[in-house]
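Taking it in order: structure first as structure tokens, then the write-up.
Order of listing sets the numbers, starting from 1, for every ligand and every atom in it. Numbering starts at 1 and runs along the sequence shown. Because only heavy atoms are used, hydrogens play no part in the values below, and waters and symmetry mates are left out as well, while side chains stay in.
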Amino acid sequence: MDYAATREDALAQIAAAQDLGTLETLRVGFLGKQGSISGLLKTLGGMLPEERQQVGPQIHALRESVSEALAARKDALEAAALAQRLAGETVDLTLPAPEAPRGSIHPVSQVMDELAEIFADMGFAVATGPEIEDDWHNFGALNIPESHPARAMHDTFYFPDQDGEGRAMLLRTHTSPVQIRAMLAQGAPIRIIAPGRVYRSDSDATHTPMFHQVEGLVIDKGIHLGHLKWTLETFLKAFFERDDIVLRLRPSYFPFTEPSVEVDVGFAIVGGKRVLGGSGDAPGHGWMELLGSGMVNRKVIAAGGLDPDEWQGFAFGAGIDRLAMLKYGMDDLRAFFDGDARWNRHYGFNPNDVPTLSGGVGTAA
Ligand code: PHE
């Protein structure tokens, strides 16, 4: 047997190994239990003493040099891998500073943050509910029975299938179902706002199939319309950052409130534009419809699992997109959801400017 040739061949293979995996395969092939060199060592036992004396040292020398070559190649491959990693992680400190971070807070998110901040100061928590609702939470529990014309008015997107309890499934048409969910989940008293997405099959410059509302709900003892008016006035003054906001409450109708109140806000015409503030009855002024509200209907309080003789409350619902348009001056709602980066840059807010009552809830970016 030509041990020198075997040695040359093994060392060449080891030198050619380009990665640690290949090297390990070679090691097992030579020196593992079933390895070729291990096999040679095993033949020593069956040899005559003279033969073993002559061949033994050659096989041991072969194993020695292969094992040394493997170790050396392993060190070299590991060093190369480390060098490559270090080269890839180089930081060039002479490069110019990166551009200012891109991206901005969407006006809808900004207004939601402002609402949470303003209402938190009045003791309101933020509640949420699912956008995929069943018709009991969205309609039935809110005193809108099957045949009620309001169901048709809401232009509802229905799902083809019902839920496990045989209820029709739909995309919620308003945030009012969160009233029911809040009452059932936490009982009374309650002070919450519930901002979120709502859906109606409707589309023009001021309507998109998806838009945003904020629901307000207060349930407690001895709550009356005066509390509603004070709350809305305090909220709107803080939101629009004007002390001269004037509200007008008009009788209205919603199945889930009784009495129901439509809230208008006074505006002045300044340079051809509507600017909120002042009485809408003054010359050159007008009233703009802002939100729906009222005292929570007894039937709704009962559907929420509470005793209407013990608990009263008020609720309101306002369009968040509309609040944003009034405050920040956009005039086409559809642009809110186009994802045009130029619009986002223009109307977006600096992520570091978190709205606070002390710092200002609405300083434009
Ligand atoms: N849910 C009503 C709507 O979508 C608004 C509203 C909420 C009215 C709460 C009264 C009370 O138009």
Side-chain angles (χ1 to χ4, degrees), residues 108 115 119 124 126-131 133-145 148-157 170-183 190-202 206-220 223-233 235-236 247-265 288-304 306 308 311-323 333:
V108 169
L115 294 171
F119 278 102
F124 286 66
V126 173
T128 56
E131 291 169 30
E133 264 295 6
D134 59 74
D135 68 351
W136 183 77
H137 284 94
N138 195 80
F139 291 127
L142 291 163
N143 191 34
I144 313 177
H148 199 283
R151 290 215 186 188
M153 270 164 46
H154 276 209
D155 300 314
T156 312
F157 289 112
L170 45 82
L171 290 174
R172 66 178 182 189
T173 58
H174 53 178
T175 42
S176 298
V178 185
Q179 290 187 31
I180 304 297
R181 290 186 177 276
M183 283 188 264
I190 294 178
R191 258 188 270 182
I192 53 149
I193 59 165
R197 295 193 183 104
V198 299
Y199 302 83
R200 292 181 201 177
S201 174
D202 204 353
T206 51
H207 298 90
T208 48
M210 183 283 298
F211 59 105
H212 300 84
Q213 286 190 334
V214 60
E215 195 81 6
L217 176 69
V218 168
I219 301 280
D220 211 323
I223 297 293
H224 54 72
L225 269 181
H227 296 123
L228 169 64
K229 190 177 186 204
W230 178 88
T231 303
L232 291 177
E233 227 166 57
F235 152 54
L236 292 169
L247 300 187
R248 181 176 76 173
L249 274 50
R250 270 185 301 116
S252 183
Y253 176 75
F254 298 101
F256 32 92
T257 46
E258 181 60 36
S260 299
V261 177
E262 199 85 47
V263 178
D264 298 340
V265 60
M288 167 180 347
E289 202 176 298
L290 198 60
L291 54 88
S293 65
M295 300 305 294
V296 181
N297 191 307
R298 292 174 56 88
K299 291 186 190 165
V300 173
I301 293 184
L306 299 173
W311 301 100
Q312 301 78 46
F314 66 77
F316 61 87
I320 290 181
D321 316 287
R322 193 163 137 70
L323 288 172
L333 178 62

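Contacts with ligand 1 closer than 4.0 Å are made by side-chain heavy atoms of Phe256 only, the backbone lying farther away.
Between Glu215 and ligand 1, no N or O atom pair is found at a separation short of 3.5 Å. Between Ser176 and ligand 1, at least one N/O pair is under 3.5 Å apart.
Salt-bridge formation is detected for the pair Arg181/Glu133: a Lys NZ or Arg NE/NH1/NH2 atom is positioned less than 4.0 Å from an Asp or Glu carboxylate oxygen. With salt bridges taken as basic N to acidic carboxylate O contacts below 4.0 Å, none links Glu258 and Lys299.
Put simply, the side chain of Met183 reaches to within 4.5 Å of the side chain of Val300, judged on heavy atoms.
Under a 4.0 Å criterion applied to the non-hydrogen atoms of Ser293, ligand 1 contributes the atoms 8 (C), 10 (C), 11 (C). Near Gln213, meaning under 4.0 Å from any of its heavy atoms, are these atoms of ligand 1: 3 (C), 4 (O).
Remark: among candidates Gln179, Arg200, His174, the nearest residue to atom 12 (O) of ligand 1 is Arg200, based on non-hydrogen atoms.
Without hydrogens or angle criteria, Gln213 side chain to His174 main chain gives no donor-acceptor distance under 3.5 Å. Remark: side-chain polar atoms of Arg172 are paired, donor with acceptor, to backbone N or O of Arg197 under 3.5 angstrom.
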